[in-house]
Structures are given as structure tokens and as C-alpha cells.
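Notes to accompany the following structure.
Whatever order the structure lists them in is the order used to number ligands and atoms, beginning at 1. Along the sequence shown, the residues carry numbers beginning at 1.
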Amino acid sequence: MVVRVAVNGFGTIGKRVADAVAKQPDMKLVGVAKTRPSFEARAAVERGYPLFVAGDGKLGDFGAASLPVAGTLAEMLEITDVVVDASPEKIGRENAKLYEAAKVRAVFQGGEKPDVAEVSFSALANYGAAKGRHRVRVVSCNTTGLARAAAVLLPHFGIAAWEATLIRRAADPDDPKRGPLNGILPTFKLPSHHGPDLRTIFPDLTIATTAVVVPTTLMHVHVNHVRFQRPPKDTNTLLEAFRASPRFRIFEEWEHVDGTPQVMEFARDRGHGRPDMMENVLWTNGVRVDGAEAYFFQAIHQESIVVPENIDAIRAMFELAPDGPSSIAITDKTLGIGTR
Ligand code: NAD
């Protein structure tokens with residue numbers, strides 16, 4: 001079975017998901033929808049993706065830009081089995097009404113509240129919960145990073161308590177408007193929303209999260225302090241648990257990756273086309289077990305970490321793979337995740 005997939009909202013997340021869908025053997029990208037002409041709309045056309053007009057967009061504006069349009073969002077929905085909504089935060093909830101009216105299944109992003117969907121999703125954590133569903137929400141970039149780590153730590157060691165401080169990038173690299181340019185902004189929601197969001201996947205998890213925003217565009221970094229129920233023997237045992245999981249990239253001390261600039265240089269060197277880092281990034285010298293507790297840093301590439309999760313969500317909804325590991329294996333192979 002080949003599932004017909006459309007992407008509504010072709011920005012940071014949407015364009016990456018569209019490219020990823022186009023690489024799947026069991027999915028067909030039927031189109032992408034944009035509200036107005038832009039360099040990204042032009043790129044969609046140049047990639048051969050049928051371009052549809054969404055929201056308050058006007059067909060005439062695309063005509064004036066000489067961008068061929070295949071139709072309206074409503075017409076795109078007529079030829080699709082599932083739409084990935086990658087429109088800006090809170091717009092997805094509005095769009096949900098259109099998807100429901102068109103009787104099309106939908107995958108939403110973490111900018112929407114959890115109740116936009118039947119289930120919040122992260123592939124390593126709860127693949128099975130999305131099986132056969134009609135509306136699934138892929139949690140945000142930071143929550144995805146935490147959910148993957150929880151999916152490794154919980155079965156191996158149990159978690160008695162977890163504190164995570166999220167050092168958040170100020171803006172995506174293409175965004176000239178957001179800041180701060182110079183400053184560190186505490187998030188005055190205490191605890192931050194990330195812990196409660198993670199509990200939409202792991203309801204019984206004891207986790208407290210706080211966040212600060214810093215002037216960088218490259219990645220987020222999480223500073224984690226965990227107390228275990230069944231502590232690992234030593235640091236190496238904990239590292240081995242992370243190493244054994246898909247979707248983690250662990251840098252050795254001798255690689256001299258001091259921080260996010262070199263992580264993203266690695267991603268550029270890796271040469272997958274777009275320089276993305278879809279794995280959780282850990283450092284061997286950034287993981288330390290201390291008695292029943294552990295510390296670990298992880299870096300999260302906000303622009304791309306949720307991309308494989310969107311693919312696995314679709315595969316789960318249409319039961320295209322028997323289980324999570326089988327879907328993850330296909331996704332990771334097609335997207336080059338876990339290579340070098
Ligand atoms: P973005 O602003 O880069 O892209 C959104 C796109 O949707 C733009 O091209 C915009 O023109 C278009 N759009 C605007 N109104 C629309 C409408 N009514 N219908 C369809 N398209 C419309 O945003 P993004 O960063 O890709 O975020 C999309 C979603 O993904 C949000 O829910 C966000 O919270 C979530 N998310 C973002 C990141 C990130 O770091 N960028 C990470 C994880 C999840």
C-alpha cells in the first residue's frame with residue numbers, strides 16, 4: 001500500500017517533511033500548500049512538488065510570480081489520505097476543521113495543544129499508540145528530544161526523578177525578526193511547559209523542566225540530572241544504553257566537538273543535502289553516572305528532529321509497518337539517520 005501524503009505549510013518543518021515523504025517507499029507526496037509565493041514556493045515547484053494555495057492565499061499572486069499552481073488546499077485534500085499540517089503555531093487547530101470536513105487524516109506539530117489530536121507521539125516512546133489513528137500530534141522539538149531519552153532510560157534504569165534545564169535557541173537561522181541578539185531570557189513559566197508536554201506520552205514520569213532562551217540559532221541544549229530507580233553500574237553502562245538506541249549520535253572526546261557549532265559543521269560535512277541533525281546529540285564526556293544519579297547533556301536540532309517522527313507517525317496511522325523498530329529502520333535508512 002502506498003499512502004498519499006500532502007503537506008500544508010511549507011516552512012522550516014513542512015519543507016523537510018515533504019522531502020522526507022518523497023523518499024519513502026510506502027508514501028507518495030501528492031502536493032504541498034503555501035499561502036503566498038516565496039523562494040520556498042519556487043523551490044517546491046523546482047523539486048517537482050505539485051503546489052497548492054492554502055489559507056488566505058490568492059491564485060493570482062502565484063500567477064503573477066509565474067509559479068504554476070495545481071489547485072487550492074481543498075483540491076489537495078481531495079487527492080490525499082493524510083495531511084501533515086506544518087502551518088504556524090495555533091493555525092493547525094483552525095486547519096483541523098478543514099481536514100475533518102474533507103475526511104482526511106492529519107498529523108499536527110508541537111505548536112498545537114495536545115487536544116488537537118487523539119494522541120501525542122514520539123516514535124521511540126509510543127509508536128503503538130498512533131496505530132490506526134486519524135489525528136496524531138508529533139510533540140515539539142524539545143519534547144521529542146526528552147521523549148527519546150526517556151524511551152532509553154525508563155526501560156533500562158527506571159526514573160525516580162528528572163530535572164532538565166532547556167537552553168533554547170532564540171530563532172531558526174532563517175528568521176530575521178526574533179531575538180534576543182544579546183541577552184539570556186529566563187522563561188518565567190515555572191516549571192516550563194515541556195515536562196507536562198512529555199507527560200502526554202509518559203503520564204507517570206516525574207520530571208521538572210525549566211528553560212532559558214539564548215542568542216543562538218543552531219540548536220537547543222538540554223542539561224539533565226536524573227535519579228534512577230535501578231542505577232546503571234557506571235557511566236559506560238549508561239552510554240551503552242544510548243548507543244544501542246536508534247536516533248542518538250554520541251561524539252567521542254577525541255572528536256573534539258566542543259559544542260553546537262561543530263555538531264552542525266558535522267551535519268554540513270555529512271552531506272545529506274540539507275545539513276540537518278535528526279539524532280539526539282550526546283557527548284561521551286557529557287554523560288556521567290554518580291551513584292544512583294546521572295548527568296547528561298544533549299543537543300537538539302530544532303529544525304529537523306521532528307522530521308523522522310512525522311514519517312513514523314504516518315506509518316503507524318496506516319499500519320504500514322508491524323511495529324516501531326521496523327518503521328524507524330525504514331525511516332532512518334531513507335533519511336541517512338545514524339550514518340557516520
Ligand atoms: P514556519 O513559520 O517556518 O512555517 C510555517 C509555514 O506555514 C510558512 O511557510 C507560512 O507561510 C505557512 N502558513 C501560514 N499560514 C498558513 C495557513 N493558514 N495554512 C497553511 N500554511 C500557512 O514554522 P515552522 O517552524 O515550520 O513551524 C511549524 C510547526 O512546527 C509549528 O507548530 C511549530 O511549533 C512546530 N515546530 C517548529 C520547530 C522549529 O524549531 N521551527 C520545531 C518543532 C516543531
Side-chain angles (χ1 to χ4, degrees), residues 6-20 31-44 49 51-58 61-62 65 67 69 72-74 76-77 80 83-99 102 104 106-114 116-117 120-122 136-148 166-178 193-194 197-198 211 213 216-221 260 264 274 276-278 280 299-310 313:
V7 175
N8 187 22
F10 196 69
T12 304
I13 302 299
K15 63 187 173 186
R16 286 173 167 81
V17 171
D19 288 349
V32 303
K34 271 210 69 73
T35 46
R36 51 192 58 86
S38 66
F39 71 95
E40 282 156 331
R42 180 176 171 173
Y49 301 162
L51 180 64
F52 294 82
V53 181
D56 58 359
K58 296 186 183 58
D61 291 347
F62 287 84
L67 289 175
V69 165
T72 62
L73 172 65
M76 183 172 83
L77 295 180
T80 194
V83 58
V84 176
D85 187 285
S87 63
E89 224 175 277
K90 300 195 175 76
I91 306 274
R93 177 173 291 279
E94 292 303 308
N95 289 340
K97 298 171 197 156
L98 306 176
Y99 308 150
V104 165
V107 179
F108 297 95
Q109 307 306 312
E112 306 306 323
K113 293 252 184 319
V116 75
S120 287
F121 178 82
S122 184
V136 172
R137 166 182 174 260
V138 171
V139 291
S140 73
C141 47
N142 278 308
T143 308
T144 296
L146 294 169
R148 287 184 185 170
L166 279 50
I167 301 169
R168 301 179 62 192
R169 61 92 179 96
D172 287 339
D174 70 334
D175 183 348
K177 296 201 184 100
R178 286 172 64 180
H193 72 275
H194 305 91
D197 198 20
L198 187 58
V213 181
T216 181
T217 63
L218 296 177
M219 302 183 92
H220 306 296
V221 168
T260 56
M264 292 314 294
R274 192 176 274 120
D276 282 342
M277 199 66 215
M278 292 180 257
N280 282 31
I300 302 299
H301 185 222
Q302 75 281 354
E303 296 175 277
S304 68
I305 186 172
V306 297
V307 172
E309 310 295 325
N310 274 271

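Listed by atom number, the atoms of ligand 1 under 4.0 Å from N95 heavy atoms are 19 (N). The ligand atoms of ligand 1 that sit less than 4.0 angstrom from a heavy atom of G111 are 32 (O), 34 (O). The atoms of ligand 1 that sit less than 4.0 Å from any heavy atom of S87 are 7 (O), 20 (C), 21 (N), 22 (C), 28 (C), 29 (C), 31 (C), 32 (O).
In summary, R169 and E303 do not engage in a salt bridge, as defined by a charged side-chain N under 4.0 Å from a carboxylate O. D197 has a carboxylate O that lies under 4.0 Å from a charged side-chain N of R137, or vice versa, which qualifies the two as a salt bridge.
Residue contacts with ligand 1 include R169, since one or more of its heavy atoms lies under 4.0 Å from the ligand. The shell of residues lying under 4.0 angstrom from ligand 1, judged by heavy atoms, includes K34. In this structure, A33 does not count as a contact residue of ligand 1, since none of its heavy atoms falls inside 4.0 Å of the ligand.
Protein heavy atoms all stay at least 4.0 Å away from atom 2 (O) of ligand 1.
Nearest protein neighbour of atom 41 (N) of ligand 1, counting heavy atoms only, is D172 OD2, 2.6 Å. Taking atom 36 (N) of ligand 1 as the reference point, the nearest protein heavy-atom neighbour is I13 CG1, 3.8 Å. Of the protein's non-hydrogen atoms, the one nearest atom 4 (O) of ligand 1 is G11 CA, 3.3 Å. For atom 42 (C) of ligand 1, the nearest protein heavy atom (residue, atom name, distance) is Q302 O, 3.2 Å. Nearest non-hydrogen protein atom to atom 16 (C) of ligand 1 is T35 CG2, 3.5 Å. Atom 18 (N) of ligand 1 has its closest protein heavy atom at I91 CG2, 3.3 Å. In terms of protein heavy-atom proximity, atom 12 (C) of ligand 1 is nearest to P88 CD, 3.9 Å. What sits closest to atom 5 (C) of ligand 1 on the protein, heavy atoms only, is A86 O, 3.5 Å.
For a threshold of 3.5 Å applied to N or O pairs, the pair formed by Q109 and ligand 1 contains no separation below that value. Among the atoms of R36, none of the N or O lies under 3.5 angstrom from an N or O of ligand 1. The shortest N or O to N or O distance between S140 and ligand 1 is not under 3.5 Å. Some N or O of T12 is nearer than 3.5 Å to an N or O of ligand 1, by distance alone.
Here the rule is side-chain contact (heavy atoms from CB on, under 4.5 Å) with V83, and of N8, N95, L73 only N8 fits it.
Crowding of R42 atom CZ: a count of heavy atoms from other residues, nucleotides or ligands under 6.0 Å not exceeding 12.
In this structure, the side chains of Q109 and V84 come closer than 4.5 Å at one or more pairs of heavy atoms.
Side-chain contact annotation: S87 with D85, donor-acceptor N/O pair under 3.5 Å present.
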